[in-house]
Engineer: 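Provided herewith is a single structure, encoded as structure tokens, for subsequent inquiry.
Computed from a predicted structure; not experimentally measured. All values below were derived from every heavy atom in this structure, side-chain atoms included, with hydrogens, water molecules and symmetry-related copies excluded.
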Amino acid sequence: MNYLVGAFKPPCNIFISFADGRSRKQVPLKKENGKTVMVALFQSQESIVGEVVIEPVHRKKVEHNGVKIELLGQIELYFDRGNFYDFTSLVRELDIPGELYILKVTISRNYVGNIVEYQEFVVRNYTPPPSINNIIKMEVGIEDCLHIEFEYSKSKYHLKDVIIGKIYFLLVRIKLKNMDLEIRCRESTGSGPNTYVETETLAKFELMDGAPVRGESIPIRLFLSPYELTPTYQNINNKFSVKYYLNLVLVDEEDRRYFKQQEITMYRLLETS
């Protein structure tokens, strides 16, 4: 019985290592089972240097038809688990930010299955601060009841930025009891009739507790660093998009809710440490 079990085991072990694996920065990667592992972090345009060690089991020779290594960038959709869409390969530049990349080593064999080993790593693209970053300024309200003006200092934020702004109450004829500012993330996958959209509130920040009066100004200062944010993605390979919104929520004394939503752009700024 032990002989039969051993017959189905691969005749060798494959180990993939990066040349600077000990000194290269590691970042957490959450797996499907909920566990988090640390993987190497690369930037686009970097070279991947390392070695593949093939270790025969029990020091026996391994017959093969060649050994190849591939660089794969893959997209896996939540509702289509198990089907991967390759967006890059070894012959292409690493030009898609923030995705999971895999090194795949394959030993080709004649009459039995190939021996394959994978090594996951993360590639991040960094964006310089935008040359143009317009403020957001809008007026909203209910005719003859409520008129407010809100202003955010800019429309594009890096992942560790601070949202700064003000809320002005120009007319208040309804009894408000509180006001919150939310950060919402909207993820869409697929296309056409197969589009799946999911919206999640990532943060909720109380701006006001109590009734405002006409002429009152409420300051906004919301730090983004505590939250797990990603850059904004626009229709990557016609597979998915990620958008962020600032959602202003006002609640009156009868628990009626009033909303005003504004899209913002998130980007990843080069880390200094």
Side-chain angles (χ1 to χ4, degrees), residues 18 20-21 23-31 36-48 71-78 85-88 92-103 119-136 152-165 181-189 197-205 220-247 261-273:
F18 301 114
D20 56 355
S23 59
R24 179 169 290 276
K25 182 176 180 179
Q26 305 281 307
V27 295
L29 176 66
K30 186 175 289 187
K31 308 291 288 184
T36 300
V37 298
M38 301 301 291
V39 298
L41 172 64
F42 288 84
Q43 296 184 34
S44 63
Q45 311 302 323
E46 276 196 279
S47 297
I48 299 175
L71 173 67
L72 301 177
Q74 297 180 328
I75 298 172
E76 183 185 20
L77 301 181
Y78 180 81
Y85 301 90
D86 292 346
F87 61 82
T88 192
R92 290 180 57 191
E93 198 173 31
L94 304 182
D95 57 357
I96 301 297
E99 297 311 305
L100 175 65
Y101 286 76
I102 299 173
L103 285 177
Q119 174 66 52
E120 296 177 325
F121 60 97
V122 168
V123 174
R124 288 178 178 170
N125 277 353
Y126 297 97
T127 303
S131 58
I132 299 177
N133 200 347
N134 297 322
I135 66 171
I136 299 174
Y152 303 114
S153 61
K154 51 189 177 182
S155 56
K156 300 175 182 177
Y157 299 87
H158 63 77
L159 303 186
K160 306 297 181 183
D161 216 333
V162 182
I163 296 174
I164 297 175
L181 180 64
E182 299 174 340
I183 300 177
R184 290 191 173 186
C185 176
R186 181 175 298 168
E187 299 181 1
S188 60
T189 58
V197 179
E198 181 177 341
T199 301
E200 181 182 4
T201 300
L202 302 179
K204 187 176 182 179
F205 181 71
I220 298 173
R221 182 177 291 268
L222 176 58
F223 292 85
L224 299 179
S225 54
Y227 308 108
E228 295 184 4
L229 306 176
T230 69
T232 296
Y233 294 110
Q234 297 284 356
N235 199 26
I236 301 299
N237 280 65
N238 294 318
K239 294 298 180 184
F240 72 93
S241 298
V242 180
K243 297 182 179 181
Y244 288 91
Y245 298 87
L246 294 178
N247 189 42
Q261 190 165 264
Q262 175 64 44
E263 183 176 359
I264 59 174
T265 299
M266 303 297 302
Y267 65 95
R268 191 186 301 277
L269 191 66
L270 180 62
E271 300 171 4
T272 56
S273 60

Engineer: Would you call D161 and K154 a salt bridge, taking side-chain N to carboxylate O under 4.0 Å as the test?
Structural biologist: yes

Engineer: Which heavy atom of Y267 sits nearest to which heavy atom of P130, and what is that distance?
Structural biologist: OH-CD, 3.4 Å

Engineer: Identify, with sequence neighbours excluded, every residue that meets salt bridge (charged side-chain N to carboxylate O under 4.0 Å, His left out) alongside K204.
Structural biologist: D180

Engineer: Rounded to the nearest 0.5 Å, what separation is found between the CD1 atom of I220 and the CD1 atom of I163?
Structural biologist: 8.5 Å

Engineer: By the salt bridge (charged side-chain N to carboxylate O under 4.0 Å, His left out) test, which pairs, at least two apart or in different chains, include something from residues 228-244?
Structural biologist: none

Engineer: Quick one: ring pair (Phe, Tyr, Trp, His ring centres under 6.0 Å) partners of Y152, sequence neighbours excluded?
Structural biologist: F150

Engineer: For the aromatic rings, using the six-membered ring if either is Trp, is the centroid distance between F18 and F42 under 6.0 Å?
Structural biologist: yes

Engineer: Find out whether P231 and L159 are in side-chain contact, i.e. whether some heavy atom of one side chain is under 4.5 Å from a heavy atom of the other.
Structural biologist: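 Result yes, sub-4.5 Å side-chain heavy-atom pair found.
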
Engineer: Which pair of heavy atoms, one from C185 and one from V242, lies closest together, and at what distance?
Structural biologist: SG-CG1, 3.8 Å

Engineer: Would you say I135 has more than 12 foreign heavy atoms packed within less than 6.0 Å of its CD1?
Structural biologist: yes

Engineer: Could you pull out all residues at least two apart from Q261 that satisfy side chain to side chain contact (heavy atoms under 4.5 Å, CB included)?
Structural biologist: R184, R186, Y245, N247

Engineer: Look at the side chain of N235 and the backbone N and O of S241, then say whether any donor-acceptor pair between them is shorter than 3.5 Å.
Structural biologist: no

Engineer: Please enumerate all residues that pass salt bridge (charged side-chain N to carboxylate O under 4.0 Å, His left out) together with R24, with sequence neighbours excluded.
Structural biologist: D20, E46

Engineer: Which heavy atom of Y126 sits nearest a heavy atom of L269, and at what distance?
Structural biologist: CD2-O, 3.4 Å

Engineer: Side chain to side chain contact (heavy atoms under 4.5 Å, CB included) for L41 and R124? Distances and angles first, verdict last.
Structural biologist: CA-CA 7 Å; L41 172 64; R124 288 178 178 170; 3.6 Å; yes

Engineer: So, does T232 use its side chain to make a donor-acceptor pair with the main chain of M266 at under 3.5 Å?
Structural biologist: yes

Engineer: With sequence neighbours excluded, what pairs up with Y244 under the side-chain hydrogen bond (donor to acceptor under 3.5 Å, both in side chains) test?
Structural biologist: T230

Engineer: In Å, rounded to the nearest 0.5 Å, how long is the span from NZ of K156 to CD1 of I264?
Structural biologist: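 The NZ atom of K156 sits 12.5 Å away from the CD1 atom of I264.
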
Engineer: How long is the span from the CZ atom in R221 to the CZ atom in F205, to the nearest 0.5 Å?
Structural biologist: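 So the CZ of R221 and the CZ of F205 are separated by 10.0 Å.
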
